[in-house]
Amino acid sequence: MNRIAENFFDLAVMAKYLPSIIDGVWVTIHLAVLIVLSGLALGFVLAVVRAFQIRPVNWLIVLVVDVFRALPPIVIMIVFYFALPFVGISMSGFVVAWLSLTLVLASFAEEIFWTGILSVDRGQWEAARSTGLGFLQTLRDVVLPQAVRLTIPPLTNRTIVITKSTAIASVVAVQEILTQASAAQAFSANTTPLTMAAIAYLIIFFPLVVLSRWVESRFGWKR
């Protein structure tokens with residue numbers, strides 16, 4: 001037990017590196033909030049554009065979405081960070097992490113929103129159009145409110161999964177929690193900073209997991 005306490009819960013190491021871990025927490029929160037806001041917004045816009053059924057545009061959206069759903073986020077980050085400078089596009093690690101995970105979240109969100117739109121009974125479209133509403137009015141006032149409600153539970157889960165991927169931003173030198181903890185571990189020759197990182201991730205994401213359960217029970221399908 002003493003060896004475990006020494007290597008994973010060393011109070012002196014905790015006190016020394018707590019400020020750097022807290023700095024990493026703020027970077028992680030900042031990055032996660034930006035990813036959620038931009039990813040969900042972009043996914044929603046893409047799904048709405050698909051609803052107009054412009055075939056070439058839809059093909060392009062499906063292609064892009066499928067590519068970003070298929071590629072691991074870490075691969076996207078590495079390509080953006082290390083390959084794009086060869087064609088004259090250079091971005092900071094933070095921007096690369098934000099853009100990569102935003103595109104991944106947007107791709108999944110688009111498919112979820114699109115599934116929600118398709119789940120609305122065609123009779124709802126026809127009934128709304130028969131009352132004199134145009135396509136845009138029907139989409140905005142009748143279809144999207146129902147579709148968005150249906151998509152809330154799966155969107156919540158997918159958002160949590162992808163925002164936890166902020167941990168891999170360490171590969172592009174973003175000073176988030178894992179980067180700070182890894183550096184502290186190297187300097188201290190002790191694994192306590194990784195324990196601190198685990199605790200920090202729990203503090204950030206455990207409330208989100210609990211929230212997702214509440215959202216599922218509140219908005220999920222009921223018999």
Side-chain angles (χ1 to χ4, degrees), residues 31-77 79-80 95-166 168-169 205 208-223:
L31 183 58
V33 169
L34 288 176
I35 290 165
V36 171
L37 294 178
S38 53
L40 293 182
L42 179 57
F44 180 78
V45 169
L46 292 175
V48 170
V49 170
R50 279 187 74 178
F52 287 87
Q53 295 294 303
I54 304 170
R55 190 164 295 177
V57 175
N58 281 14
W59 287 342
L60 180 60
I61 290 174
V62 170
L63 174 63
V64 172
V65 163
D66 285 351
V67 167
F68 281 101
R69 289 171 67 205
L71 288 173
I74 192 170
V75 172
I76 299 171
M77 284 189 197
V79 170
F80 282 1
V95 172
V96 165
W98 164 72
L99 182 60
S100 302
L101 294 177
T102 290
L103 291 173
V104 172
L105 177 57
S107 299
F108 282 99
E110 187 278 333
E111 285 298 297
I112 294 171
F113 281 125
W114 179 240
T115 301
I117 291 172
L118 293 180
S119 298
V120 177
D121 191 270
R122 187 166 183 81
Q124 299 276 345
W125 287 88
E126 294 169 352
R129 297 301 295 272
S130 68
T131 63
L133 293 179
F135 176 82
L136 281 175
Q137 288 176 303
T138 301
L139 183 64
R140 183 191 65 197
D141 299 332
V142 178
V143 176
L144 287 179
Q146 297 179 68
V148 169
R149 183 182 177 87
L150 291 170
T151 62
I152 289 176
L155 270 179
T156 304
N157 288 324
R158 179 55 58 180
T159 299
I160 291 173
V161 169
I162 292 174
T163 50
K164 284 192 296 185
S165 297
T166 53
I168 64 175
F205 290 108
L208 294 180
V209 172
V210 173
L211 176 63
S212 74
R213 286 193 177 277
W214 178 84
V215 168
E216 285 179 2
S217 64
R218 177 69 176 79
F219 294 98
W221 183 87
K222 293 182 177 62
R223 189 186 297 273

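Values below: every heavy atom of this structure, side chains too, minus hydrogens, waters and symmetry copies.
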Set of residues satisfying side-chain hydrogen bond (donor to acceptor under 3.5 Å, both in side chains) with respect to [X], sequence neighbours excluded:
| X | result |
| --- | --- |
| Arg50 | Glu110, Glu111 |
| Asn58 | none |
| Gln137 | none |

Is there a side-chain contact between Phe205 and Thr163 (heavy atoms, below 4.5 Å)?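 Heavy-atom side-chain distance check passes, below 4.5 Å.
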Under a 4.5 Å cut-off applied to non-hydrogen side-chain atoms, are Ile61 and Trp114 in contact?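 Ile61 vs Trp114: side chains apart.
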Within this structure, what is the [atom1]-[atom2] distance for the pair [X] and [Y], rounded to the nearest 0.5 Å?
| X | Y | atom1 | atom2 | value |
| --- | --- | --- | --- | --- |
| Leu46 | Ser107 | CG | OG | 8.0 Å |
| Arg213 | Asn157 | CZ | CG | 9.0 Å |
| Ile168 | Leu101 | CD1 | CG | 5.5 Å |
| Phe108 | Ile162 | CZ | CD1 | 5.5 Å |

At their closest point, which heavy atom of [X] faces which heavy atom of [Y], and how far apart are they?
| X | Y | result |
| --- | --- | --- |
| Ala47 | Ile117 | O-CD1, 3.9 Å |
| Val96 | Met77 | CG1-O, 3.5 Å |
| Val120 | Ala147 | CG2-N, 4.0 Å |

Quick one, Leu63 with Val67, criterion side-chain contact (heavy atoms from CB on, under 4.5 Å). Give me CA distance, side-chain angles, the key distance, then yes/no. CA-CA 6 Å; Leu63 174 63; Val67 167; 4.3 Å; yes
Short question: side chain of Thr151, backbone of Val148 - any donor-acceptor pair under 3.5 Å?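 Between the backbone of Val148 and the side chain of Thr151 there is a qualifying donor-acceptor contact (under 3.5 Å).
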Applying side-chain contact (heavy atoms from CB on, under 4.5 Å), can you list everything that pairs with Thr156, at least two apart in sequence or on another chain?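 Only Ile152, Ile160, Ser212, Val215 meet the side-chain contact (heavy atoms from CB on, under 4.5 Å) criterion with Thr156.
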Not counting sequence neighbours, list each pair that qualifies as a ring pair (Phe, Tyr, Trp, His ring centres under 6.0 Å) and has a residue in residues 50-69.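 Residue pairs with at least one partner in residues 50-69: Phe52-Phe135.
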In residues 33-44, what donor-acceptor pairs under 3.5 Å come from side-chain atoms, sequence neighbours left out?
{"residue": "Ser38", "atom": "OG", "partner": "Leu34", "partner atom": "O", "Å": "2.5"}
{"residue": "Ser38", "atom": "OG", "partner": "Trp98", "partner atom": "NE1", "Å": "3.0"}
{"residue": "Ser38", "atom": "OG", "partner": "Thr102", "partner atom": "OG1", "Å": "3.0"}

Apply side-chain contact (heavy atoms from CB on, under 4.5 Å) to Val57 and Val49, showing your working. CA-CA 8 Å; Val57 175; Val49 170; 3.7 Å; yes
More than 12 heavy atoms from other groups under 6.0 Å of CZ on Arg69: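 Buried by this count: over 12 neighbours within 6.0 Å.
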Checking Leu144 against Val48 for the side-chain contact (heavy atoms from CB on, under 4.5 Å) test, could you report, in this order, the C-alpha distance in whole Å, the side-chain angles of both residues, the deciding distance, and whether it holds? CA-CA 9 Å; Leu144 287 179; Val48 170; 4.1 Å; yes
Using the rule given for side-chain contact (heavy atoms from CB on, under 4.5 Å), can you reason through Ser100 versus Val104, listing the C-alpha separation, both sets of side-chain angles and the distance that settles it, and then say yes or no? CA-CA 6 Å; Ser100 302; Val104 172; 5.7 Å; no
